[in-house]
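Notes follow the structure.
Residue numbering restarts at 1 for every chain, and letters A, B, ... go by the order of the sequence lines. Note that these values count all heavy atoms, side chains included, but never hydrogens, waters or copies made by symmetry. No experiment lies behind these values; they were computed from the predicted model shown.
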Amino acid sequence: MEQKITTALQETIKELYKTDFAIDAKSIQRTRKDVEGDFTIVVFPFLKVAKKNVEMVAQEIGEKLSEKLSCQYQVIKGFINLSFPDEYWLHFLGNSLTNSNFGYKEKKNEKPIVIEYSSPNTNKPLHLGHIRNNLLGSSLAKILTACGEHVLSVNLVNDRGIHICKSMLAWQKYGNNETPESSGLKGDHLVGKYYVEFNLHYKDEVRELMRQGMSQEEAEKKAPLLLEAQELLQRWEKGEPVVIELWEKMNGWVYKGFEETYRQLGISFDKTYYESETYLIGKEIVQRALKDNIFIKKSDNSVWVDLRDEGLDEKLLLRSDGTSVYMTQDIGTAFLRYEDFSAQKMIYVVGNEQNYHFDVLKLILTKKLNTAFGNSIFHLSYGMVELPEGKMKSREGTVVDADDLIEEMILQARKSSEALGKNDFTNEEAEKLYRLIGLGALKYFILKVDPKKNMLFNPNESIDLNGNTAPFIQYSYARIASLLRKAEALNINYLAKPDSTVTISKNEKELIKSLNEFPKVIENAGEQLNPAIIANYLFELAKDFNRFYQETPILKEPEVEKQKIYLQMSKLTSITLKNGMALLGIEVPEKM
RNA sequence: GGUUCCGUAGCUCAAUGGAUAGAGCAACUGCCUUCUAAGCAGUAGGUUGAUGGUUCGAUCCCAUCCGGAAUCGCCA
């Protein structure tokens, strides 16, 4: 309909003012709730070509438009409000409610979009920050798929590097051969424990060296533990069997742990890259470019890229001992990934703390290495999850652990459900429901916030299960499901086309209008790469429906045709809630 | 210090340059002989950090200032 209005408006302007006017989609919007109308046109932009006062322009445009579109119009100040007949909205309703894919687009025939997310380090378990990353990535993959794109989710496991060596070293030194089996710890947690251990001992060493008169900077570089870790990394890059064996063993523990967390979150990938398999590609590319004088070698043998022409600084690409750094690997991975998929776009879901890194990466790929795909990489930079006392730090152990939080949420759901005296479930059903609610609440809590923004998590206040939350939406869905079951049990055939003489109230029409917006909301979320748009829409929709539900005893409605429409509205709302929540990775229960 | 991002109700968050800045939580008042009260209705809460500018119109764009965060690692 917006499209129709745009076209009609374009014609009208041309007829009235003899000008071609590019109509901005923004000048047509949904009418405010407290004003009569369905769509609103803002006339201010046309004043330049019309050269008359606002009221007159609005009147004459409204007049013509209402003829072309056969609708009513009403002018208030600089706004034309168009109203379409009930029939139009009922037609939309009837057409959509049998489509279980309502809101989703057909797959387009285009090159894939590759989206990288998760990208864990194998030296520590996942925490709340990673949860945000994983949820954003998997939700965006679903949203883009719903927009008709061919989406490939990839994970890049950072399984090598100095930080991994730190955990390995600490385990060697202080581990007493501890294993997940012997300790009863989940593999990733066990390895993480030694990463923290390393930093504790390392700090002690630094403190001791400073006590002996060394500067902090020097002490941090010369602490024996760090030197040992660096040596371990070199031995790893040389492929020394003992080192590789230990590395494989500990990474194996971590993968098992990660798998479990991913399973809980419902996350999976089309392809997993390991940096241990890709960093050499990056190294090679850097070496080759060094020969071509694109990069520079300093006297200590370290290799750098000079980006001062681009307003940035010099950046290290290879250490003086020849080992590679994060940037080296990312260059290699980008090449490999483009070879693999020839993607139209490569999205990296990575925290905003790495904005500079991605600026540099993109500049290296486009300006220095002149790749064609450099411009197709896009850093989806999301904000940090902060605690009341500030940022989470793995090294300090001040993090909200992902597994703990998931468990806590499921427990919350159980407690809450029991407190409400819900006992109409088998044990199995109940367990499933608690998971669905707990995880839903967690996912929604994260995804309803604009990805770009930092967000706060207060561990002392449990995540809400009332108000603007997943359980609220899930509950709305479950009530509709129950309602529709009852209607079917009463043999009410609500799918049939309603009698055209039936009319609907303003509030009812508002709800249908909201449903009508769903496909556009998805599109919007896809364009802006923002799941929060969907979350907020679903909340509004559920709220609108709940009001309607409360005001209208649907099954007691005496007018058959009206009842039919009410049930149709309920049905399409339930489809919309379900499909929308699915895009956030949240399930909805048939009973709650 | 340079660069980037952010400042909206007590708290957590909304608001494609459009009409009277909205929700949730917390507080207070009502509504279950029920299509599921994890719900609904209502009260209260604001100089959108500050000052200028652009515009018919600014929470949104620009400038300056104040406050906070990130980054500027041979960490990732």
### Query
How do A:R30 and A:H357 order along RNA chain B: which one's closest nucleotide is nearer the 5' end?
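Residue closer to the 5' terminus by nearest nucleotide: A:R30.
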### Message
On the nucleotide B:U16, are OP1 or OP2 found under 4.0 Å from the side-chain N or O atoms that A:K520 carries?
### Response
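For B:U16, OP1/OP2 do not have a side-chain N/O of A:K520 under 4.0 Å.
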### Query
Are any of A:Y475's side-chain N or O atoms less than 4.0 Å away from OP1 or OP2 of B:A38?
yes
### Task
Go ahead and write out RNA chain B as dot-bracket, 5' to 3': ( ) for pairs within the strand, [ ] for ones crossing earlier pairs, | when the partner sits on another strand, dots for unpaired; Watson-Crick or G-U wobble, both distances under 3.5 Å.
(((((((..((((....[...)))).(((((.......))))).....(((((..]....))))))))))))....
### Query
Between the base of B:A76 and the side chain of A:D330, is there any donor-acceptor pair under 3.5 Å?
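No pair found.
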### Stretch residues 380-392 of chain A: residues that reach within less than 4.0 Å of RNA chain B through a heavy atom
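When residues 380-392 of chain A is checked for heavy atoms under 4.0 Å from RNA chain B, the hits, listed by number, are A:E386, A:K391.
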### Query
Looking at B:A38, B:C40, B:A76, which one has an atom nearest to any side-chain atom of A:M592?
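The listed nucleotide nearest to A:M592's side chain is B:A38.
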### Query
How many Å lie between CD1 on A:I446 and C1' on B:A14, as a whole number?
17 Å
### Message
Let me confirm one number: the CG-CZ distance from A:L483 to A:R485, rounded to the nearest 0.5 Å.
### Response
9.5 Å
### Task
For A:L433 and A:K591, work out which heavy atoms get closest and say how close.
CD1-O, 3.7 Å
### Chi-angle category of B:C65 [syn within 90° of 0, anti beyond]
anti
What's touching nucleotides 24-28 of chain B from the protein side, N or O pairs under 3.5 Å?
residue: B:G24; atom: O2'; partner: A:N468; partner atom: N; Å: 3.4

